[in-house]
Protein chains: 2
Amino acid sequence: METIEDEIVTRQLPPGTRLDEVELAQRFAVSRTPIREALIQLASAGLVELRPRRGAIVAQISPQRLMEMFDVMAELEALCGRLAARRITPEERQRLLAAHEACAAARDGQDPDRYFYLNESFHLALYGASHNAFLEEQARNLQRRLRPYRRLQLRIHNRVLNSFSEHQGIVDAILSGDEALTVTRIRDHIRIQGERFSDLIASL
Amino acid sequence: METIEDEIVTRQLPPGTRLDEVELAQRFAVSRTPIREALIQLASAGLVELRPRRGAIVAQISPQRLMEMFDVMAELEALCGRLAARRITPEERQRLLAAHEACAAARDGQDPDRYFYLNESFHLALYGASHNAFLEEQARNLQRRLRPYRRLQLRIHNRVLNSFSEHQGIVDAILSGDEALTVTRIRDHIRIQGERFSDLIASL
DNA sequence: TCGTCAATTCCTGTATACAAGAAGTTTGAC
DNA sequence: GTCAAACTTCTTGTATACAGGAATTGACGA
């Protein structure tokens, strides 16, 4: 079943939408209680904004804040990479390469949506190779929150091709065990997304 | 008034404690509804663990996971420092130095609790100087979660003195605008806490 | 004496009712 | 005609009631 969270990240409920508890309760055929509890969770995750006595709205994220989030994401992923370069196991190496090759197929297939999906798997494989479960959780959470914006910017001309070649550089750096190189390449890879996104905003 | 969160971070409710909704409701003189909503929030913040149909307990954090959290904290603070070295304003510089000098007084006064409190202000000043509000939030959240453990390890012999001299090094690096030096010094400063903590654990 | 199964009790999860505050509308005065 | 104030309506926040699992305890059998 589709959850409220799904509808937010897929933009069926765009930022700013008022979330009427009664309406949601009817739509999901439950009482207001579980809806309220879900909204509190979503507020903690940063997906909705809870204004006391004035209801919930889908969180509005300013371009400024989005850039800030990308900067933090870059650093979290860079840490994943640094740890992975040191700690990756043969199985994880296998998984990372498999995810990378799947991306190659999607790139050649000219399917941005499919590339987007597989790209996520690639990054998840990277998080897992860090051998730091807490870091992995944090990275996954932030990835989820940034998902709609990353998706948007993959439609930019040549972004899929560039993204893939950046992945190649990251894989090479990790497999060679070069921590410093891994860090700079991942940081650049993520920060480029933030920059491309702000280009997109500026062009509107 | 004292909140459930306060009682958890101050260890009045130690990890593993069962949180009976009815009992909490009586103690705070409210119904179960707001208690449940508070527990959901605390679960999102990682302070309590919510087991479906089996109630809530104060989150148990394993030494392993704690070390992982310190690693992430180190990286978040290092990022704060890197950005601060580049962006700090005269007012923020003032605030950072004031917090640092207040720590000096507490160090000389041999008052670990007071030092602990002022130490937090110092780190908060650092977060603020990053000019990244999202990063600041993340850092504050994680600082809050790690608070009880950091407090514990300040009682270790000479830790206050060492902590202060590490602060001095960090301030110098930031004020000189040396990003790389700031990053390594902050990273070490935070990671030492994690290591000291695991020493403490090992000695039990 | 110990283990297993069943019945009871307790607690969580959901629904519903009620109270109180915010928003919108209507009416009156200037 | 416009602005303000009061009243109405709608929505959130809290309390309470009820239903369905989980845990505990006691009895029975090995």
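Computed from a predicted structure; not experimentally measured. In the text below, chain A, chain B and the rest are named by the order of the sequence lines, each starting its count at 1.
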Any side-chain N or O of Ser31(A) under 4.0 Å from OP1/OP2 of dT14(C)?
no
Length of the line joining Arg53(A):CZ and dC10(D):P, which is rounded to integer Å:
17 Å
Quickly work out the Leu39(A) CG to dG13(D) C1' distance and round it to whole Å.
13 Å
Protein-nucleotide distance (Leu19(A), atom CG; dG13(D), atom P), rounded to Å:
13 Å
For Arg51(B) and dT12(C), what is the distance between atoms CZ and C1' respectively, to the nearest whole Å?
12 Å
Which listed nucleotide (dC11(C), dT12(D), dT14(D)) is nearest to the side chain of Asp20(B)?
dC11(C)
Atom pair CD (Glu37(B)) and CZ (Arg36(A)), whose distance is rounded to the nearest 0.5 Å:
4.5 Å
Provide, to the nearest angstrom, the distance between the CD1 atom belonging to Ile57(A) and the P atom belonging to dT12(D).
13 Å
Stepwise salt bridge (Lys or Arg N to Asp or Glu O under 4.0 Å) check, Arg191(A) with Asp188(A)
CA-CA 5 Å; Arg191(A) 298 204 56 180; Asp188(A) 290 346; over 6 Å; no
Out of dT14(C), dG21(D), dG13(D), whichever nucleotide has its closest atom nearest the side chain of Pro52(A)
dG13(D)
Measure from CD on Glu37(B) to C1' on dT14(D) and round the result to the nearest Å.
9 Å
Spatial distance of atom CD1 (Ile40(B)) from atom OG (Ser44(A)) [nearest 0.5 Å]:
9.0 Å
Looking only at heavy atoms, the pair that brings Arg145(B) and Ala45(B) closest together is CD-O, 3.1 Å
In terms of the nearest nucleotide of DNA chain C, which residue is placed more toward the 5' end: Glu21(B) or Arg32(A)?
Glu21(B)
Between atom CD in Gln41(A) and atom P in dG13(C), what is the gap in whole Å?
11 Å
Apply side chain to side chain donor-acceptor pair (under 3.5 Å) to Tyr127(B) and Glu77(B), showing your working.
CA-CA 7 Å; Tyr127(B) 307 159; Glu77(B) 292 219 23; 2.7 Å; yes
Closer to the 5' end of DNA chain D via nearest nucleotide, is it Ala56(A) or Thr33(A)?
Ala56(A)
Would you say Arg36(A) reaches dG13(D)'s phosphate, i.e. side-chain N/O to OP1/OP2 under 4.0 Å?
yes
Given dT12(D), dA15(C), dA15(D), which nucleotide is nearest the side-chain atoms of Val30(A)?
dA15(C)
Round to the nearest Å and state the distance from Ile35(A) atom CD1 to dT12(D) atom C1'.
14 Å
Could you tell me whether the phosphate oxygens of dA23(C), OP1 or OP2, come under 4.0 Å of any side-chain nitrogen or oxygen in Arg54(A)?
yes
